[in-house]
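The next block holds one structure in the form of structure tokens; read it before the comments.
Quantities reported herein were computed from a predicted structural model and do not represent experimental measurements.
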Amino acid sequence: PPNDEGLFIVTDHQTLKRIPTWLALGEIGLTAWFLCALLLILIYSPIWLLVSIRKARRRPEEIWMTVWPFVAAMAVTAVAMIFHFVGEDIIERLGQITPWSMTLFAMTLLFAVASIASALSVWRVRGRYVRRIALAYGVVVAPALLIAMVYFTYWGMIGLRSWA
């Protein structure tokens with residue numbers, strides 16, 4: 001029978017909990033939004049930054065709306081690369097203070113800071129002239145980064161001290 005926390009299903013290797021359909025679909029939708037925003041950042045930001053370096057830009061607000069999401073995306077990519085390259089030695093490399101674990105810790109903090117800075121840079125451009133495409137980019141990307149940051153913070157992944 002279900003207890004106060006709901007109905008759990010125990011199988012050989014895992015324990016499952018029944019959740020409402022809307023919650024599962026919401027998490028899937030938010031994950032898809034984050035992954036699409038991450039892909040958009042990795043495509044749009046480098047191109048825009050290269051063009052802005054080549055030409056003298058008169059809109060510094062757009063530069064920050066592009067730089068901060070790119071920093072956040074690079075931090076997420078670095079975390080994925082750390083787990084990829086750690087390989088079989090995950091306990092040895094992440095279970096104590098090593099360059100691997102310190103980089104993981106720093107990249108999760110950098111992701112949080114860059115996500116907040118990205119949202120602030122979009123919020124600060126209200127009433128200033130920025131191109132519509134840049135504003136639309138910021139409005140799509142910044143909330144996705146903030147939602148992911150809140151989700152990762154809830155699960156204890158921001159400031160992850162794997163050696164502790």
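Contact of the Met74 side chain with the Thr77 side chain is registered, since non-hydrogen atoms from C-beta on lie closer than 4.5 Å. The shortest side-chain heavy-atom distance between Phe70 and Val67 does not fall under the 4.5 Å cut-off. Here the side chains of Val86 and Leu104 are not in contact, with every heavy-atom distance at 4.5 Å or above. Side-chain contact between Thr31 and Tyr151: absent, with no pair of heavy atoms (C-beta onward) separated by less than 4.5 Å. You'll find the side chain of Thr98 reaches within 4.5 Å of the side chain of Ser101, heavy atoms only. Residues Ile82 and Trp100 are in side-chain contact: their nearest non-hydrogen atoms beyond the backbone lie under 4.5 Å apart. Contact of the Phe83 side chain with the Ile90 side chain is registered, since non-hydrogen atoms from C-beta on lie closer than 4.5 Å.
For CD1 of Ile133, the number of neighbouring non-hydrogen atoms (other residues, nucleotides, ligands) closer than 6.0 Å is 12 at most. At most 12 heavy atoms of other shown residues, nucleotides or ligands fall within 6.0 angstrom of atom CD1 in Ile91.
Hydrophobic clustering (ILVMFWY, side-chain heavy atoms < 4.5 Å, transitive): Leu50 and Leu40 are in distinct clusters. Leu23 and Ile28 are members of different hydrophobic clusters when ILVMFWY side chains are connected at heavy-atom separations under 4.5 Å. Side-chain heavy atoms closer than 4.5 Å link hydrophobic residues (I, L, V, M, F, W, Y) into clusters, and following such links, even through other members, never connects Leu25 to Ile147. With hydrophobic clusters built from ILVMFWY side chains whose heavy atoms lie under 4.5 angstrom apart, Ile116 shares a cluster with Phe111. Note on Trp155: it clusters hydrophobically with Leu35, by side-chain heavy-atom contacts below 4.5 Å among ILVMFWY residues.
When each of His84, Met107, Met157 is paired with Val79, the side chain to side chain contact (heavy atoms under 4.5 Å, CB included) condition holds for Met107 and for no other. When each of Val139, Val140, Val130, Val141 is tested with Val122 by the rule side chain to side chain contact (heavy atoms under 4.5 Å, CB included), just one qualifies, namely Val139.
Annotation for Gly159 and Thr108: closest pair N-OG1, 3.0 Å, computed over non-hydrogen atoms. Ala134 and Tyr44 get closest at one heavy-atom pair: CA-OH, 4.1 Å. Residues Pro69 and Trp64 share a closest heavy-atom pair of CD-O, 4.0 Å.
A donor-acceptor contact shorter than 3.5 Å is absent between the side chain of Arg93 and the backbone of Glu88. Between the Ser115 side chain and the Met149 main chain, no donor and acceptor come within less than 3.5 Å of each other. A distance-only check finds no donor-acceptor pair linking the side chain of Ser45 to the backbone of Leu42 [under 3.5 Å].
With rounding to the nearest 0.5 angstrom, the CZ atom of Phe105 is 11.0 Å from the CD1 atom of Ile158.
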Step by step, work out the side chain to side chain contact (heavy atoms under 4.5 Å, CB included) result for Ile41 and Leu145.
CA-CA 11 Å; Ile41 291 167; Leu145 291 174; 4.1 Å; yes

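Side chains of Tyr137 and Thr66: a donor-acceptor N/O pair is absent below 3.5 angstrom, by distance only.
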